Amino acid sequence: MNVRRRLISATAVTAATALGLGALSACSSDSAATGNSDKFDVVASFYPMAFLAEQIGGDHANVTSLTEPGQEPHDLEISTKQRAQLEEADAALYLKGLQPAVDEAVSQTGIKTKIDAAGLTTLEDHGSTEHEHEGEGEEAGNAEEEEHARDPHVWLDPVKYAEVAEGVGKAFEKADPDHAADYKKNTAALVKKLNGLNGDFENGLKNTKTKVFFTNHAAFGYLAERYGLTQEAISGLDPESEPSAARVRELQQEAKADGVTTVFYETLVSDKTAKTLAKDAKLKTDVLDPLEGITDKSRGDDYFQVMEANLKALQAALGAK
């Protein structure tokens, strides 16, 4: 669908025709290898956004993710090639506040359709480390800033993810009206599956021995709030931040008080701190995947499979009845 690519394709075909059928055949082969000129070209910031674009765009969309599989999305830096991809795309789908480099790159492009998933649902403050901040001055100020940062991890709540999906679907319909009916149908199918996933979580976590779970970083605030659970994170919203000694002691005490059995870690960041806490507190460890990317280590091939694996892990850790 990209206008620039269509003009290039048309010029190439005209030239090839003048040179003869052999040249035309070679040019057509090259065009097939390099372009999706008739498709709706979407550049997505990272896996949860790419998954939405692929599910909703279906056969009409060509989706490219700025974040490679296995790459920690918070650390992404935008290359010159990726900036060029953004400039040539028909739409950019991103989640403002999660990846500053993406936010900056998208704002600087002339791309017509910019879809910010953060504006399609309500972001909330999840003070993930409320009790760990002691002291005054700059350290306390930084702690307060983190505590009141808006939590971007909306895709881990199927209900909020469905709200985002509906907004993305409408944006696709507006940007590519020729295929609006298919986008509408695909969106409805995706939302139905997400509603089903929400039902699985509601039923699966309704009756548990404990409602408290420990995570490596505070990615599961929306999920916890949706299903009446309490997330206690070793680190804050930033997966690379280190917990204070006071925070670790507090978690050890809380594990005993609340019957916590498991410390969850994730696949894309170091599990060292989680495993150290688990060893010191005599707890088990397991994976709770924040689904920021799919890799060979993921417990599933797509969003729904990994979320079902997350549900099973939570059921085991919380003592589901």
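Given the structure is predicted, the values throughout are model-derived calculations rather than measurements.
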Taking K297 first and then E266, would you say they form a salt bridge - that is, a charged N and a carboxylate O separated by under 4.0 Å?
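Here K297 does not pair with E266 in a salt bridge, since their nearest N and O are not under 4.0 Å apart.
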Do the charged groups of K170 and E173 touch, with an N to O distance under 4.0 Å?
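Salt bridge: no.
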Could you tell me the separation between the [atom1] atom of [X] and the [atom2] atom of [Y], rounded to the nearest 0.5 Å?
{"X": "K81", "Y": "L66", "atom1": "NZ", "atom2": "CG", "result": "11.5 Å"}
{"X": "L95", "Y": "D116", "atom1": "CG", "atom2": "CG", "result": "6.5 Å"}
{"X": "T273", "Y": "H217", "atom1": "OG1", "atom2": "NE2", "result": "13.0 Å"}

Is any side-chain heavy atom of [X] closer than 4.5 Å to a side-chain heavy atom of [Y]?
{"X": "L251", "Y": "F214", "result": "yes"}
{"X": "I234", "Y": "Y265", "result": "no"}
{"X": "D176", "Y": "D90", "result": "no"}
{"X": "F304", "Y": "F51", "result": "yes"}
{"X": "L288", "Y": "F213", "result": "yes"}
{"X": "L120", "Y": "I115", "result": "yes"}
{"X": "E124", "Y": "K160", "result": "yes"}
{"X": "D157", "Y": "F201", "result": "no"}

For residues 300-321, which residue pairs qualify under side chain to side chain donor-acceptor pair (under 3.5 Å), counting only residues two or more places apart or in two chains?
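Non-adjacent pairs meeting side chain to side chain donor-acceptor pair (under 3.5 Å): zero.
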Does anything in residues 47-57 form a side chain to side chain donor-acceptor pair (under 3.5 Å)? List the pairs, not counting sequence neighbours.
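Qualifying pairs, neighbours excluded: none.
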Could you walk me through whether Y161 and L197 pass the side-chain contact (heavy atoms from CB on, under 4.5 Å) test, one step at a time?
CA-CA 11 Å; Y161 200 40; L197 182 65; over 6 Å; no
When you check the side-chain N and O atoms of H60 and D182, is any donor under 3.5 Å from an acceptor?
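Short answer, yes.
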Hey, does the side chain of K39 reach the backbone of D59 with a donor-acceptor pair shorter than 3.5 angstrom?
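Present.
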Take a 6.0 Å sphere around CD of E77 and say whether it holds more than 12 heavy atoms from other residues, nucleotides or ligands.
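12 or below, so no.
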Answer yes or no: does atom NZ of K184 have more than 12 heavy-atom neighbours from other residues, nucleotides or ligands under 6.0 Å?
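Result for NZ/K184: open.
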Show the nearest heavy-atom pair for residues A117 and M49, with the distance to one decimal.
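So the minimum-distance heavy-atom pair works out to CB-SD, 3.6 Å.
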Ring geometry between H74 and H153 (parallel below 30°, tilted from 30 to 60°, perpendicular above 60°)
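The rings of H153 and H74 sit tilted, inter-plane angle from 30° to 60°.
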I'd like to know if V43 and W155 are part of one continuous hydrophobic network [Ile/Leu/Val/Met/Phe/Trp/Tyr, side-chain heavy atoms within less than 4.5 Å].
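In one cluster: no.
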